[in-house]
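These notes concern the structure reproduced below.
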Amino acid sequence: MPFYQRLGDVPRKRHIQFRDNGTLLVEEVMGLEGFTGNESILYHLQSPCRVMKLDGFEPIERKEWVPDQHAHRHFKTFDVEPEGDEITGRRLLMWNSDVEISLCRPSGTMDYFFRNGEGDEVIFVHEGSGVLETIFGDVPYKDGDYVVIPRGTTYRFVPEGPQRHLVFETPGLIEIPRRYRNQYGQIMEGAPYYHRDIHPPTELRTVREKGEFPIKVRVRDGYQTYVVDYHPFDVVGWDGYLFPWTFSIHDFEPITGRIHQPPPSHQTFAGQNFVICSFCPRKLDFDPLAVPIPYHHSNLQSEEMIYYVSGNFGSRRGVEVGSITLHPSGLPHGPQPGLAEKAIGMHETHELAVMCDTFHPLKLTPLAKDLDDGKYAYSWYENAQADAGPVEDATGAGLTSHL
Ligand SMILES: [Fe+2]
């Protein structure tokens with residue numbers, strides 16, 4: 001999606017003969033918007049349609065928890081038990097028709113291939129590293145990476161060490177915000193990242209192997225498993241604009257202003273009726289009269305979830321690494337009492353957090369109920385009764401500056 005790429009061998013022109021040891025290769029065009037959107041063209045040793053067995057179809061079942069009260073919530077996710085693999089271990093926390101947000105702490109590894117046939121994925125790697133092996137080649141990843149996987153990409157995770165992922169799945173497209181790109185697609189000056197920060201597949205390894213290879217495909221709101229008789233990574237070359245890539249949250253260049261900059265200045269990705277933003281260590285607002293934390297705000301048309309990655313959140317009582325706060329629509333939120341005064345004179349923040357703002361309400365699952373601390377809604381009231389809590393030093397360490 002970000003720019004043109006080519007790996008391996010491709011013929012001189014599209015749609016002409018291309019052979020491997022005399023055998024005509026199978027050309028596959030993977031594209032969006034009916035041959036008018038971005039596409040990549042792959043050259044396979046075998047037809048990707050060679051299904052030898054259709055296994056069962058498992059529909060996705062989403063259980064909803066409808067809270068008795070509408071309120072701000074805080075979910076503590078850090079101690080969620082590991083289970084499954086990088087796909088089966090995804091535990092849905094909240095969702096709407098535009099995005100599903102899941103936690104994933106796999107306890108096992110994938111012995112099959114996976115393809116999301118009905119949506120794009122962004123996987124934020126909070127902990128862990130490894131290689132996402134894909135039909136486009138290897139995509140190495142490490143903690144702090146967003147792994148962006150367009151629909152239709154056959155892949156499997158080959159992890160190194162324990163993993164902790166925050167997973168976004170959407171029926172829409174994951175895109176670089178339009179305002180960051182010029183009319184030709186190049187990321188412009190002033191955008192918080194550049195093409196060099198985007199890491200496409202590094203190496204294409206063509207696997208020539210017969211056997212039985214299960215591919216689990218998410219499609220029609222369920223999972224259909226197909227078994228093919230040739231390794232799915234049989235591509236000798238591809239080119240185009242559609243491929244998986246990574247972007248590190250540590251490469252996001254934060255934008256700071258003399259007075260407070262709003263959350264869109266932290267936007268990293270654009271989705272279908274949602275955005276994903278990165279809150280990174282940065283200098284704070286520098287006007288002598290600046291209040292270097294946000295004003296109270298009412299997200300009248302959006303819901304805001306924030307996942308706390310690292311840093312010191314001591315000023316946000318009870319919030320810790322792995323916490324998720326959810327500020328639903330219809331309610332104002334802002335710094336806890338006393339904090340605005342305490343923040344004056346702060347120069348920087350060390351926070352690292354991922355935010356997803358959706359433009360339609362989010363539903364919650366029973367997992368959210370299990371992880372809900374039950375008290376966050378009162379935290380502004382509680383703090384009004386006591387000291388707002390320590391703000392650790394004059395640099396702003398401990399300042400959760402975006403709430
Ligand atoms: Fe907010």
Side-chain angles (χ1 to χ4, degrees), residues 1-50 113-123 131-141 145-156 158 172-176 178 180-188 193-209 213 215 217 228 230-247 269:
M1 192 268 275
F3 40 77
Y4 176 81
Q5 283 288 296
R6 181 164 73 176
L7 269 185
D9 298 325
V10 298
R12 178 178 56 85
K13 287 182 69 69
R14 295 181 280 195
H15 323 318
I16 63 171
Q17 292 179 37
F18 187 42
R19 294 179 184 276
D20 176 82
N21 290 326
T23 304
L24 192 62
L25 292 171
V26 178
E27 183 185 54
E28 178 194 9
V29 173
M30 265 184 61
L32 301 168
E33 299 173 46
F35 300 99
T36 62
N38 284 343
E39 68 176 31
S40 282
I41 305 178
L42 302 89
Y43 295 88
H44 297 265
L45 296 172
Q46 303 287 342
S47 164
C49 314
R50 285 165 66 105
F113 300 90
F114 178 71
R115 180 165 76 233
N116 194 326
E118 59 185 8
D120 286 7
E121 300 182 348
V122 176
I123 297 152
V131 176
L132 185 79
E133 293 185 348
T134 83
I135 201 165
F136 296 97
D138 289 348
V139 181
Y141 68 90
D145 280 355
Y146 293 100
V147 183
V148 182
I149 310 176
R151 68 199 58 222
T153 302
T154 303
Y155 69 84
R156 71 177 171 193
V158 182
L173 299 177
I174 293 294
E175 297 184 310
I176 295 169
R178 184 66 191 87
Y180 294 170
R181 295 176 279 143
N182 67 20
Q183 63 180 311
Y184 307 103
Q186 185 169 16
I187 297 172
M188 293 186 287
Y193 54 89
Y194 189 51
H195 297 278
R196 295 179 206 178
D197 300 315
I198 290 170
H199 306 288
T202 55
E203 185 186 2
L204 180 67
R205 290 180 290 110
T206 306
V207 183
R208 298 165 188 266
E209 190 180 331
F213 302 92
I215 305 174
V217 182
V228 297
Y230 206 87
H231 198 290
F233 298 162
D234 68 341
V235 172
V236 303
W238 64 269
D239 73 339
Y241 278 65
L242 205 64
F243 50 86
W245 47 283
T246 64
F247 168 73
F269 303 110

- Val228: what forms a side chain to side chain contact (heavy atoms under 4.5 Å, CB included) with it, not counting sequence neighbours? Phe213, Ile215

For a 4.5 angstrom cut-off between non-hydrogen side-chain atoms, does [X] reach [Y]?
X	Y	answer
Val236	Leu45	yes
Arg151	Leu173	yes
Ile187	Ile198	yes

Using a 3.5 Å cut-off and no angle test, enumerate the donor-acceptor pairs between side-chain atoms of residues 28-37 and protein atoms at least two apart in sequence or in another chain.
unit_1: Glu28; atom_1: OE1; unit_2: His44; atom_2: NE2; d: 2.6
unit_1: Thr36; atom_1: OG1; unit_2: Glu33; atom_2: O; d: 2.6

Any side-chain to backbone donor/acceptor pair from [X] onto [Y]? Under 3.5 Å, distance only.
X	Y	answer
Trp238	Phe136	yes
Thr134	Thr154	no
Asn182	Tyr184	yes

Between atom [atom1] of [X] and atom [atom2] of [Y], what is the distance when rounded to the nearest 0.5 Å?
X	Y	atom1	atom2	value
Ile41	Leu242	CD1	CG	11.5 Å
Leu204	Leu7	CG	CG	5.5 Å
Glu27	Ile16	CD	CD1	9.0 Å

- Message: Just checking Arg196: does its CZ atom have more than 12 heavy atoms from other residues, nucleotides or ligands closer to it than 6.0 angstrom?
- Response: no

- Query: How about Phe18 and Tyr43: are their ring centroids closer than 6.0 Å?
  - Reply: yes

For [X] and [Y], take the angle between the two ring planes, folded into 0 to 90°, and tell me which bin it lands in: parallel under 30, tilted 30 to 60, perpendicular over 60.
X	Y	answer
Phe243	Phe3	tilted
Phe113	His231	perpendicular
Phe247	Tyr146	parallel

- Task: Any pair with a residue in residues 233-245 that passes salt bridge (Lys or Arg N to Asp or Glu O under 4.0 Å), sequence neighbours left out, goes on the list, sorted by first then second residue, please.
- Result: none

- In sequence, state the C-alpha distance, the side-chain angles, and the governing distance for Arg205 and Glu133, and then conclude on salt bridge (charged side-chain N to carboxylate O under 4.0 Å, His left out). CA-CA 9 Å; Arg205 290 180 290 110; Glu133 293 185 348; 3.4 Å; yes

